[in-house]
Each structure stands twice: as structure tokens, then as C-alpha cells.
Amino acid sequence: MSKQKEVNIYDIAKVLGVSIATVSRALKNDPAVSKATRKRVSDAAKKMSYRPNNFASNLRSQKTHTIGMLVHELSSPFIISVLTGIEKVTAEAGFNIIIAHSSETEKKEKANAHDLFYKRVDGLIASLSYDTEDLSHFDPFVKRGTPVVFFDRVEERVEGTKVVIDNVKAGFTATGHLIQQGCKDIVHVTGSLKRNVYADRLEGYRQALTEYGLPYREDRVIVNDLSSDAAIAAGRQILEMSPRPDGLFATQDLCAAICIRTLKEGGMKIPEDIAVVGFNNDVVSTIVEPTLTTINYPGKEIGEAAARHLIGQINQRSKDNLTNKIVLSHNLIVRNSSLRCPAGNATSGKSRGYPK
């Protein structure tokens, strides 16, 4: 079967007996062309299987109407919620998205960044992998004037707008809640301290212990890759501690849920023996038994904010400084996994709030 010739606006104009300019304006739904003519052109275009030549249009406008998204994984409920927010804003603004994921490696992150650059994306939204240290793969975007917005895992050393929450304060809130529930020996399970989110949550944990007069102990901090296997290992490590801690702040809900299961299998009661707080407010936090107290990390709102600011910079409506930081609100959602004290009977302490 011979390949069918690609239909263009000249072919449509010839069939309808109208000018090329009329066809072009009609396809753009220009009100200067009568409604009847617009319908004739639209019907003819569909019948003739016409496809607009976006490549040629992009060459003329120097824009691809495409945004690159570089993330560290695609299975995370948090990342999916961020994607939902980004897609909502980009679709309304007429932009397409190309998604690339690094599988938590700097090598793949670099390759994906270069690929997105050569695909001439109009802007980039990125969250860094666990082990990324060299940030030179973002330099071509900066040099070309292509705006970059980072979210969640960000790095101050590279130019670009950052969309985050106050992770230090969130870590303080989670740990402070456990202390107010009577916990005096709290273990913290976290991810790579190369990344701001985990380093900052650890700092919040440390500040809360200090504020409430409890000692900070390095042997109560477990750093791993937050995988399912690592969460099981963390739970078993807690079971082997002597004395066993009475509180657990895990920096991710799935990790917290797996720890809860492992601790229960080891004979510990939640929250009577050990109270638990997670982070993100993923769906698993409402499924695990007991239901999980967690920090609500507003992924959809983060995605919307990142996309709005990026599109504003692409369209030159936004004059954001390249080092601008956007900090969104978080909140603690209290569920059964941490409730050891009846309402109003929380333990006393020297402080009740985040240090100013």
C-alpha cells in the first residue's frame, strides 16, 4: 500500500475554493471568518485527515509549547500528586509535558536532562535524585535562558525557582507531637542526607529534642534508601535496640507503615509501646492499622505552584528572581498510631511551639 500524501492547508483551500489565508484563520477559530466558513473548513480538515504542522509553527515561534519534567521516581504517591497539579495547570495553558525519571541515580538524571534540553523544552520542572552531587547538567538551561523550577528535593547551588515546604518546621512538628504524647526516646528513620528534605527533617527532629530537653543520640537516627526492604530492616533494628524506643518518626508514610507491620510482628503494640508518625499523607496512611499520624505534604498544590511559576517565566509574565523560593504550608494530621494521651493530657514540657 502506497503512503498517503500529507494534507496541508493548500489542499483544503483548493477543495473548498477559498484562500489559504481563510483556511489558516478558520483553523485558528478566528472570529473574522464567518461561523459557516469555519465549519466548512473544519469538516473538510477532518474528512481529509489534516494534521497541523506544529513543527513548522514551533520553528517560527521558537517555542515547542512543551515542558520537561525530571523526577527521581514515578511510583511515589507524592510524585503522582505533584504530576496531577502540574498537568492541571499546563493543560489549561496549552502546554504538553515530557516526563523523564532518574531511577534515583545521578547518571540517568544527567542523561535525561540532556535529552530534554535537546528536545528544546520551553522550561523544566525537576526534583533531584538521591545521589546527585554534580549539577552541571542544568547549566545549558540556565545559559540558554530556559527557566527551571525545582520542587521537593532542591539544591541552593543551582539557579532556578524552588517550591518547597518548611521541612525543618515539619520535622519539629512531627517530633514535638510524639514528645507531647509522652515519648522520651524517639528514633528517626530518614533518607539520604545529601538531599535537603531529609537533612532538614532531621534538623527539625534535632531541634524538637533540644527544645523539649531530650538528648539527641546518633544511634537513634537510621539513614537508608526508604525502600520496602530498608523499612523492614529499620523495623528489625528498632526491635533490637535496648532499651527499645517509645517513639518513631519516619520521613515517608510507606516506610512508616512497613515499620509498623514489622514492629507488630516483633510483638510491639502501636501506639502503646511505640507511637509512630509518618510523612506525606499518602493513601497508605489511612489503610495501615492503626491509621497513621502524618505530616500532610501538599503535592498537588506544589505541582500547581511549580507549573504556574514556570509558565509565567516562559511567557515572561513573571519576573521571579532565579533564586526565588516558594514555601507552601504543611500540617499535622493526627490519627491512631500516635495517640497515647487523651485529649488535653499531653505530657508537659518547657516548650509548645516551633522556635522563632
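Position 1 is the first residue of the sequence; numbering continues from there. In this text, all values refer to a predicted model and were calculated from it rather than measured experimentally.
- Relative ring orientation between Phe172 and Tyr212 is described as tilted, the plane-to-plane angle lying within the 30° to 60° band.
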Check residues 16-31 and write down every donor-acceptor pair under 3.5 Å in which the side-chain atom is one partner and the other belongs to a residue at least two apart or another chain.
residue	atom	partner	partner atom	Å
Ser19	OG	Thr22	N	3.0
Ser19	OG	Thr22	OG1	2.8
Asn29	OD1	Arg38	NH1	3.0
Asp30	OD1	Ala32	N	2.8

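- Using a distance-only test at 3.5 Å, with no hydrogens or angles considered, a donor-acceptor pair links the side chain of Thr90 to the main chain of Ile86.
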- prompt: Thr175 and Leu209: side-chain contact (heavy atoms from CB on, under 4.5 Å), yes or no, with the steps?
  reply: CA-CA 8 Å; Thr175 309; Leu209 294 177; 4.2 Å; yes

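- Partner of Thr132 under the side chain to side chain donor-acceptor pair (under 3.5 Å) criterion, out of Lys110, Glu109, Glu106: Glu109 alone.
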message: One pair to check against side chain to side chain donor-acceptor pair (under 3.5 Å): Ser227 and Asp229. What are the steps and the verdict?
response: CA-CA 5 Å; Ser227 65; Asp229 288 343; 5.5 Å; no

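- Hydrophobic clustering (side-chain heavy atoms under 4.5 Å, transitive across Ile, Leu, Val, Met, Phe, Trp, Tyr) keeps Ile165 apart from Ile333.
- Between Arg220 and Asp185 there is a salt bridge, since a side-chain N of the basic residue sits under 4.0 Å from a carboxylate O of the acidic one.
- Atoms OG and CZ, on Ser34 and Arg40 in that order, are 9.0 Å from each other to the nearest 0.5 Å.
- Under the 3.5 Å distance criterion, the side-chain polar atoms of Asn196 are matched with a main-chain donor or acceptor of Val154.
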Which pairs would a plain distance check flag for residues 296-306, meaning a side-chain donor or acceptor within less than 3.5 Å of a matching protein atom at least two apart in sequence or in another chain?
residue	atom	partner	partner atom	Å
Asn296	OD1	Asn281	ND2	3.2
Asn296	ND2	Asn331	OD1	3.2
Tyr297	OH	Asp152	OD1	2.5
Lys300	NZ	Glu304	OE2	2.7

task: Check the pair Phe141 / Phe117 against ring pair (Phe, Tyr, Trp, His ring centres under 6.0 Å), numbers first and verdict last.
output: CA-CA 7 Å; Phe141 295 93; Phe117 178 76; 5.3 Å; yes

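- A salt bridge links Glu92 to Lys88: at least one charged side-chain nitrogen sits closer than 4.0 Å to a carboxylate oxygen.
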Sequence neighbours excluded and cut-off under 3.5 Å, please list the side-chain donor-acceptor pairs for residues 258-276, or say none.
residue	atom	partner	partner atom	Å
Thr262	OG1	Ile258	O	2.9
Lys264	NZ	Glu289	O	2.7
Asp273	OD2	Lys269	N	2.8

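- Here the OG1 atom belonging to Thr293 is positioned 6.5 Å from the CG atom belonging to Leu332, to the nearest 0.5 angstrom.
- Cation-pi geometry between Arg195 and Tyr130 is not met: the NZ or CZ atom fails to fall both under 6.0 Å from the ring centre and inside 45° of the normal.
- Of the possible donor and acceptor atoms, one in the side chain of Thr286 sits under 3.5 Å from a partner among the backbone N and O of Val283.
- Side chain of Asn280 to main chain of Asp282: no donor-acceptor pair is present (N/O by atom type, distance under 3.5 Å, no hydrogens or angles).
- The two atoms that bring Met69 and Leu124 nearest to each other are N-CD1, 4.3 Å, heavy atoms only.
- Between Asp43 and Lys47 there is no salt bridge, since no side-chain N of the basic residue sits under 4.0 Å from a carboxylate O of the acidic one.
- Of the possible polar contacts, none joining the Asn167 side chain to the Asp200 backbone as a donor-acceptor pair under 3.5 Å is found.
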